[in-house]
Engineer: 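I'd like to ask some things about the structure below.
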There are 2 protein chains.
Amino acid sequence: MTPITTIVFDSYGTLFNVHSLSHRLEEFFPGKGQEISQTWREKQIEYALLRQIMGNYTTFYEITKDALIYAIKKHGGPVTTEQTKQLVEAYLQLDVFPEVKAVLSQLKDKQLVIFSNGSLDMLNPVVKNAGLSGIFNHIISVDDIEQFKPAPASYNYATKVLNTKAKNVLFVSANGWDISGAENYGFHTAWINRKGLPTEELELVPDTTYPDLRGILEWI
Amino acid sequence: MTPITTIVFDSYGTLFNVHSLSHRLEEFFPGKGQEISQTWREKQIEYALLRQIMGNYTTFYEITKDALIYAIKKHGGPVTTEQTKQLVEAYLQLDVFPEVKAVLSQLKDKQLVIFSNGSLDMLNPVVKNAGLSGIFNHIISVDDIEQFKPAPASYNYATKVLNTKAKNVLFVSANGWDISGAENYGFHTAWINRKGLPTEELELVPDTTYPDLRGILEWI
């Protein structure tokens, strides 16, 4: 078997828990934190997909703000510029999932990479604030080429930046659509199925599926 | 003002109520009809977007079946081939929303069109079964060019088939993502906001918004 030299991680939902902001949302919108958080995330993903298809790229930072505004409006909260700003900035302070640091510490002989739809102005701070500085060899954003995942061009861009081949890469994501895109492109794939969801019905089955990140240690 | 000569309707959610199948779902999966219906629709839309981005086109009929299988699995029902077949075929027998026929009957001096992500093997039967035969001058499917809405190429294809110009078209849809795509392309737009949702935060505001189809009579 071709050796896996590089492990590429998605960021949001995979390493960082986007719903760790529920309590901040709850402070501003009592009783609605969880549902706003849910809609925020759904719309964030949807808006990236729609902008990709419509050819209307903007940064994930802007999309995150737009999705938050939609979510607050949907669930009946008043939108104020100051609160929106504070909440989007809280995206730079997301919690890592509990097992992440221990798993990463066992992968030191691999090239470790974050590859995200997020822009670097979001990724660099969230990595630093979570105490993960120095662990990743590369942090790559689709923002460089303005092609959101799961466009094949985005995964291809990461492969070129890393000067590697798809068959030497294990791609790790908790997002079904992202694993489908990586499988479609040709990476080895590990789906971190944190919510116990069914496999996406897209004729693109992940190579492996684990309930949390510890499962990927099988690959080393 | 340039005259509107052509009114182009989206199908699912706009003319036809996809949730009119909840009772069929309820027969097979007691207590779960509504949630399966909801997930079915969400995944149907998501899978079309993802396949568009990944370059993995398949017909909307296949996508509808795949989304149903996912939805049944997610909500814990057993998936049997026979039930799945019956439910997907029920998609050919959707109810029209209550006001649709009366509104269409007042638009007889316009060119009336259905333009849908659905394939013709779905659209022709659902139109016939709903008693709408003979009302539409054209029924156009993205299947002809294998480009799902909201890709600009899809709206452009409809415009070419109709031998018209975007500025002479009123596009009518209940789906926020579809109205965004039509606005992005350059149609006049009427968003049928049946669920009282916020406007999508995509820098593409619909020209008009109505709670049901009756509002579009303002345009004639």
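Here the structure is a predicted model, which means the values were calculated and not measured. A, B, ... follow the sequence lines: proteins, then strands. Residue 1 opens every chain.
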Engineer: Write down the atom of A/I53, the atom of B/P150, and the distance for their closest heavy-atom approach.
Structural biologist: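 Shortest heavy-atom separation between A/I53 and B/P150 comes out as CG2-C, 3.7 Å.
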Engineer: For chain B, which residues from residues 57-70 of chain A lie under 4.5 Å away (heavy-atom distances)?
Structural biologist: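 A/D66, A/I69, A/Y70 fall under the 4.5 Å cut-off.
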Engineer: Which bit of A/T199 comes within less than 4.5 Å of chain B, counting heavy atoms only: side chain, backbone, both or neither?
Structural biologist: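 Backbone of A/T199 only, per the 4.5 Å heavy-atom cut-off to chain B.
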Engineer: When you compare the side chain of A/L202 with that of B/L50, does any pair of heavy atoms fall below 4.5 Å?
Structural biologist: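 The answer is yes; the side chains approach within 4.5 Å.
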Engineer: Do any of residues 26-36 of chain A have a heavy atom less than 4.5 Å from a heavy atom of chain B, and if so, which, in residue order?
Structural biologist: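 Within residues 26-36 of chain A, no residue comes under 4.5 Å from chain B.
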Engineer: Quick check for you: to the nearest 0.5 Å, what is the distance between A/Q52 atom CD and B/L49 atom CG?
Structural biologist: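 Here the rounded value is 11.0 Å.
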Engineer: Heavy-atom pairs under 4.5 Å with chain A: which of B/A151, B/P152, B/G55 has the most?
Structural biologist: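 Top option by heavy-atom pairs under 4.5 Å: B/P152.
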Engineer: Only one of A/R51, A/K43, A/K73, A/K74 forms a salt bridge (charged side-chain N to carboxylate O under 4.0 Å, His left out) with B/E201, so which one is it?
Structural biologist: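 Looking at A/R51, A/K43, A/K73, A/K74, the match for B/E201 under the salt bridge (charged side-chain N to carboxylate O under 4.0 Å, His left out) is A/K73.
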Engineer: Tell me, for B/E200 versus chain A, whether the close heavy atoms (under 4.5 Å) come from the side chain, the backbone, both or neither.
Structural biologist: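 For B/E200, the contact with chain A is made by backbone and side chain together.
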Engineer: With heavy-atom distances below 4.5 Å as the criterion, would you say the side chains of B/N56 and A/E203 are in contact?
Structural biologist: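 B/N56 vs A/E203: side chains apart.
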